[in-house]
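Lettering follows sequence order; numbering is per chain, from 1.
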Amino acid sequence: MILTLSVCSPFSLSAVVRSHGWVRLAPFGTDARSGGLTRVERLDSGRVVELLVREAASGVSVEVQDRLTAAEQEQVIAKMTWMLGLKQDFSAFYALARDDPKLAHVEERAQGRVLRCPTLFEDTIKTILTTNTSWAGTIRMVEALVSEFGDPSPADPARHAFPTPDRLASTDEETLRSSVRLGYRAPYVLELARAVALDELDLESLKSANIPTAELRKRLLAIKGVGEYAMANLLMLLGRYDFIPVDSWALKMVSHEWHGGQPVDRSEVEAAFEHWGMWKGLAYWFWDWSYTGEA
DNA sequence: GGTAGACCTGGACGC
DNA sequence: GCGTCCAGGTCTACC
């Protein structure tokens, strides 16, 4: 069956998919034939479905092989609306970006949305697994976590949904270290899964929490394994752009963009985008960096 | 509040 | 094939 979802214009599915690396992390994927976004998802009913998302004339279409109940359809629509930011409006950002040659492209390309997971739990785990490792390491750790603990897809048992907090909470640190090879991140993932599974931490409520960004920042930093970089990355995914996820790449880019290749620190990255105010994070994310790292 | 050192893994490199 | 070095953020202890 096919579900059709409306979007807030301008919208580009490929812009969302290419907004960062999440599409390369299981259980996301791309369909070689159609070029669409794929996702293996476990619904509240317990059913595991494969979703194929494509751009449609009036928005996006979501193809599911199974016949879903009304409740399941509603859930797929809600998840997809969040993941693709279908209702997000960037007109205020575009109005400012028009005047800057380094960002003048964003409106035309419909950039601004960042692909996110259906749950903040999954986004947080994945963000922790991006820290202090290479991108190849992140892909490997997420793949191992998903294939080890995620429910398999009936259509293709080689593919799995992202594990639930309960399932991860039921494992132990040694398994996460030796089998999934999370290294020192294992206790962070386990502690987070257990806190969510035991309802000690309601991460999902933060998606709609009407609280100042400073308070949200404090709550995210209270999660073990989430530091300044991870916190800013999660805030971006939550639609708050007041902070910049400063990692080694950001330091390199800002160094070459404004400081002639001289080493810079976090404060200089933040200073470079300070005048973008509440859009700071987005301005940094979609900036047209001239430095490519080539000699 | 700022800083040093430890935490793990995988890739690059030299032997 | 083996050993060493390095890159990548966060935490903890200490000042």
Check your understanding: Bend across the helix from B/dG1-C/dC15 to B/dC15-C/dG1, to 10°, with axes taken over 5 pairs at each end?
Key -> 30°
Exercise for review: Nearest whole angstrom, please: distance from the C1' of C/dT10 to the CZ of A/Arg185.
Suggested key: 10 Å
Point to revise | Partners meeting side-chain hydrogen bond (donor to acceptor under 3.5 Å, both in side chains) with A/Glu55 (sequence neighbours left out) | key: none
**Study point:** Contacts of type side chain to side chain contact (heavy atoms under 4.5 Å, CB included), residue A/Asp123, not counting sequence neighbours
**Key:** A/Trp22, A/Arg116, A/Cys117, A/Leu120, A/Leu234, A/Leu237
Check your understanding: With a 4.0 Å cut-off on heavy atoms, is A/Ser134 in touch with a base, just the backbone sugar-phosphate, or nothing at all?
Key -> nothing
Practice item. Could you tell me which residues satisfy side chain to side chain contact (heavy atoms under 4.5 Å, CB included) with A/Ser147, sequence neighbours excluded, listed by chain and number? Key: A/Glu143, A/His160
Point to revise | Nearest-Å distance for atom pair OH/C1', residues A/Tyr184 and C/dT12 | key: 14 Å
Review point. Charged N to carboxylate O below 4.0 Å: is that the case for A/Arg217 and A/Glu228?
Key: yes
**Study point:** Carboxylate-amine/guanidinium contact A/Lys280 A/Glu270, below 4.0 Å
**Key:** no
Practice item. Determine, for A/Lys102 against A/Asp288, whether the closest basic-nitrogen to carboxylate-oxygen distance falls under 4.0 angstrom. Key: no
Review point. Hey, does A/Gly225 reach any base, or is it just sugar-phosphate, or nothing, if we go heavy atoms under 4.0 Å?
Key: sugar-phosphate
Under 3.5 Å, which N/O atoms of the protein pair with N/O atoms of nucleotides 13-15 of chain C?
none

Check your understanding: Does anyone know the first and last nucleotide of DNA chain B in reach of chain A, 5' to 3', at under 4.0 angstrom to a heavy atom?
Key -> B/dC7 to B/dG10
Check your understanding: Charged N to carboxylate O below 4.0 Å: is that the case for A/Glu204 and A/Lys207?
Key -> yes
Review point. Looking for any heavy atom pair under 4.0 Å, which part of the strands does A/Ile223 touch: base, sugar-phosphate only, or nothing?
Key: sugar-phosphate
Review point. Between the base of C/dG8 and the side chain of A/Tyr229, is there any donor-acceptor pair under 3.5 Å?
Key: no
Point to revise | Proximity to the side chain of A/Thr131 - top-ranked nucleotide from C/dC11, C/dG8, C/dT10 | key: C/dT10
Revision key, fill the gap. Atom CG of A/Asn233 and atom P of C/dG8 are separated, to the nearest Å, by 16 Å
